[in-house]
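Numbered from 1 within each chain, the chains take letters A, B, ... in sequence-line order.
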Amino acid sequence: MDLDAMFAAVEQRDKVSLRGKPVVVGGLAGRGVVATASYEARAFGVHSAMPMSQARRRSPPGTAYLVPRFAAYKRTSEVVMRLLAEVSPLVEQVSIDEAYVDLAVTGHDLSTAGVTELALRIKAEIAAATGGVTGSIGAASSKLLAKIGSDLHKPDGLTVVPAGQELAVLHPLPVKRLGGVGPATEQRLHRSGVRTVGDLARVPLDDLVDWFGTAHGQGLYRLARAQDDRPVVSEREAKSVSAEETFDVDLTDPVRLNRELDLLSARVAGRLRAGGVTGRTVNIKVRHHDFTTVTRAVTRDQPTDDGRLVAQLARRLLAEVDTSGGIRLLGVGVSTLADFAQDDLFSGSFPEFGAAFAGAAEPLGEFPGAGGGSSAEAGFPPPAERSDSAVVDLLPVVAAPESSDTSEMPAKWPAGAGRDEAVVPVWRTGQDVRHEEFGAGWVWGSGLGLVTVRFEGPLTGPGPVRTFAVTDPMLHPADPPDWTTDGAHDP
DNA sequence: TCTGGGGTCCTAGGACCC
DNA sequence: TCTGGGGTCCTAGGACCC
């Protein structure tokens, strides 16, 4: 089941004056693209993924250009998915507007006539329940044919492929109707004179594997023969979480880029926590002015959902990329997800730190702007009076208090005198640190475990760390430093 | 002002391990 | 012509989907 031009259909449902008119939903800013065009707009050649500027040139006067209202689409989607769930316990939602329904696990009459009757009933129920948003249905013996069937008579279509008729339906179609055949595959096939699925079915397996590699080659070989036993799977766990943004104008200012990274990191971390997952790999994506795109990744030993740590790693990754020519898109992602939210492993006894982190390794990287911190106050300045822009830069958004990061940063004390940084163990993330000898400092790494602290003044040399007070002024703005930890730590 | 945003899967090469 | 054969993990890039 696939809802027809869903975003546009919901808009037309909700606003009577849009009915019968071309409606284009998508990004309206300079670099926006079309998400969905109503069928009236499609008549003018407007389609999904087209640059909005081009859509505007093609569309007639009176066309409505709308920004997506995802909440409304989600509500409509939920109504439809609930209907489908009544048809079968096995429903695979592919996207907000599309789902596979496994009828084989139900008691429904699976004859062609029975399935046709059922599908017509479902279509009527969808239209009634959504206030006129229609869905197209394909019914067949496999996902491949069901999907193709749902496309065949859009909009408001129904295609039932009787058992045994699969190849008859499939072979006349152009190859790009097969799922997994995009522009690149289509071009390569055309180069060898393969235009229809029937043509494809005559290509030897060896050739397909040569052209497309093992997985894709074998996949095409099977699909061309309607061999598809992919099961309908109801719940799939996410493998990654990411956020990205295309800027209206290319960005070059490193401070601005870092700030965007922080915001994206916070967004991703928030969604990790909302989903109850943590991840070990932080990815960034950088699209240059010329649309070339690079990615960089680091994988840590311990998973995190702490936006500040994600941001810190993302900043380090970005520092490896030449951004001087202008950046049009920045993205941050977290992958290698662990489905358990790892909690405060270190809330036990402090001396464990000594054993766990005794070995020295690489220090934390620099980040631009960290050197600017200066507060002449000797005491522990109330957060409201703090004006350390470097810290604000790094931590623009407060990560959730239930941070579950257990960063395994190396314990490292500066070897020589005169440095103002130390990597120290703390129990809880926080932004302010006070050392009884060295005075106030700032945590500018983040995460539980070991963080980097930049002190107001130079440290006098290696020595035992005895007392740290760590507080999080963003969480408890009015509180004084509220807890202390004692422990010998002498890396 | 040509090319969004959120994902999945695959490949290839290198490091590393036994 | 000194240097095998598995396997896993990681990174980077690309194709594809909605």
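A/Arg328 and A/Thr246 share no donor-acceptor pair across their side chains, judged by distance under 3.5 Å alone. For the 3.5 Å distance criterion, the side chains of A/Asp4 and A/Ser136 qualify, holding a donor opposite an acceptor.
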- request: Evaluate the side chain to side chain donor-acceptor pair (under 3.5 Å) criterion for residues A/Ser141 and A/Glu166: first the C-alpha distance (whole Å), next the side-chain angles of each, then the deciding distance (0.1 Å), finally the verdict.
  value: CA-CA 8 Å; A/Ser141 54; A/Glu166 289 86 355; 2.5 Å; yes

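Here the separation of B/dC16 from C/dG4, taken at their C1' atoms, is 16 Å to the nearest Å. For the P atoms, the distance from B/dT3 to C/dC17 is 22 Å, rounded to whole Å.
Here the P atom of nucleotide B/dG6 and the CD atom of A/Gln93 are 18 Å apart, to the nearest Å. At whole-Å resolution of the value, CG in A/Leu337 and C1' in C/dC9 are 16 Å apart. Between the CG atom of A/Asp248 and the C1' atom of B/dT1 there is a distance of 11 Å, rounded to whole Å. Rounded to an integer number of Å, the gap from CZ of A/Arg31 to C1' of B/dG4 is 12 Å. One atom, OH of A/Tyr73, and another, C1' of B/dG6, lie 16 Å apart when rounded to the nearest Å. If you measure from atom NZ of A/Lys239 to atom C1' of B/dG7, you get 11 Å, rounded to the nearest angstrom.
Using a 4.0 Å heavy-atom criterion, one finds that A/Thr336 contacts no nucleic acid atom at all. Residue contacts for A/Gly27: at a heavy-atom cut-off of 4.0 Å it reaches no nucleic acid atom on any strand shown. Using a 4.0 Å heavy-atom criterion, one finds that A/Ala243 contacts the sugar-phosphate atoms exclusively. Residue A/Val34 is out of contact with every strand shown, counting any heavy-atom pair closer than 4.0 Å. When heavy atoms are screened at a 4.0 angstrom cut-off, A/Leu329 is found touching the sugar-phosphate backbone but no base atom. Across all strands, A/Ser48 comes closer than 4.0 Å to no nucleic acid atom at all (heavy-atom distances). Within the nucleic acid shown, A/Lys147 comes within 4.0 Å of sugar-phosphate atoms alone, with no base atom in reach, counting heavy atoms only. A/Arg188 comes within 4.0 angstrom of nothing in the nucleic acid, heavy atoms only. Residue contacts for A/Ala238: at a heavy-atom cut-off of 4.0 Å it reaches the sugar-phosphate backbone alone, with no base atom in range. A/Gly179 comes within 4.0 angstrom of sugar-phosphate atoms only, judged by non-hydrogen atoms across all strands, and of no base. When heavy atoms are screened at a 4.0 angstrom cut-off, A/Glu98 is found touching the sugar-phosphate backbone but no base atom. Residue contacts shown for A/Leu28 are absent, as no nucleic acid heavy atom lies under 4.0 Å away.
Because its glycosidic torsion is within 90° of 0, C/dT3 is reported here as syn.
Enclosure of atom CD in A/Glu117 is not indicated, since only 12 or fewer non-hydrogen atoms of other residues, nucleotides or ligands lie within 6.0 angstrom. When the shell of 6.0 Å around NZ of A/Lys176 is examined, it contains 12 or fewer heavy atoms from other residues, nucleotides or ligands.
For A/Val294, the listed nucleotide lying nearest its side chain is C/dG13; candidates were C/dG13, C/dA15, B/dG4. Checking B/dG4, B/dT1, C/dC18 against every side-chain atom of A/Arg287, the shortest atom distance belongs to B/dG4. If you check B/dG4, C/dT11, B/dC9 against the side chain of A/Arg236, the one that comes closest is B/dC9. Distances were taken from every side-chain heavy atom of A/Ala215 (C-beta onward) to each of B/dT11, C/dC18, B/dG4; the shortest belongs to B/dT11. With distances taken from any side-chain atom of A/Arg280 to the nucleotides C/dA15, C/dC10, C/dT11, the minimum falls on C/dC10. Checking C/dT11, B/dG7, C/dC18 against every side-chain atom of A/Ser95, the shortest atom distance belongs to C/dC18. Residue A/Ala184 has its side chain nearest to C/dA15 when only C/dA15, C/dC18, B/dT1 are considered. Checked against B/dG4, C/dC16, B/dG6, the side chain of A/Ser242 finds its nearest nucleotide in B/dG6. Here B/dG4 is the nucleotide among C/dG13, C/dT11, B/dG4 with the atom lying nearest to any side-chain atom of A/Phe291. If you check C/dG13, B/dG5, C/dA15 against the side chain of A/Thr246, the one that comes closest is B/dG5.
With a 3.5 Å ceiling on both atom-pair distances, the Watson-Crick or G-U wobble partner of B/dG7 is C/dC16.
Applying the 4.0 Å criterion to OP1 and OP2 of B/dG6, one finds that A/Ser240 has every side-chain N and O outside that range.
Put simply, the side chain of A/Leu263 does not reach to within 4.5 Å of the side chain of A/Val332, judged on heavy atoms.
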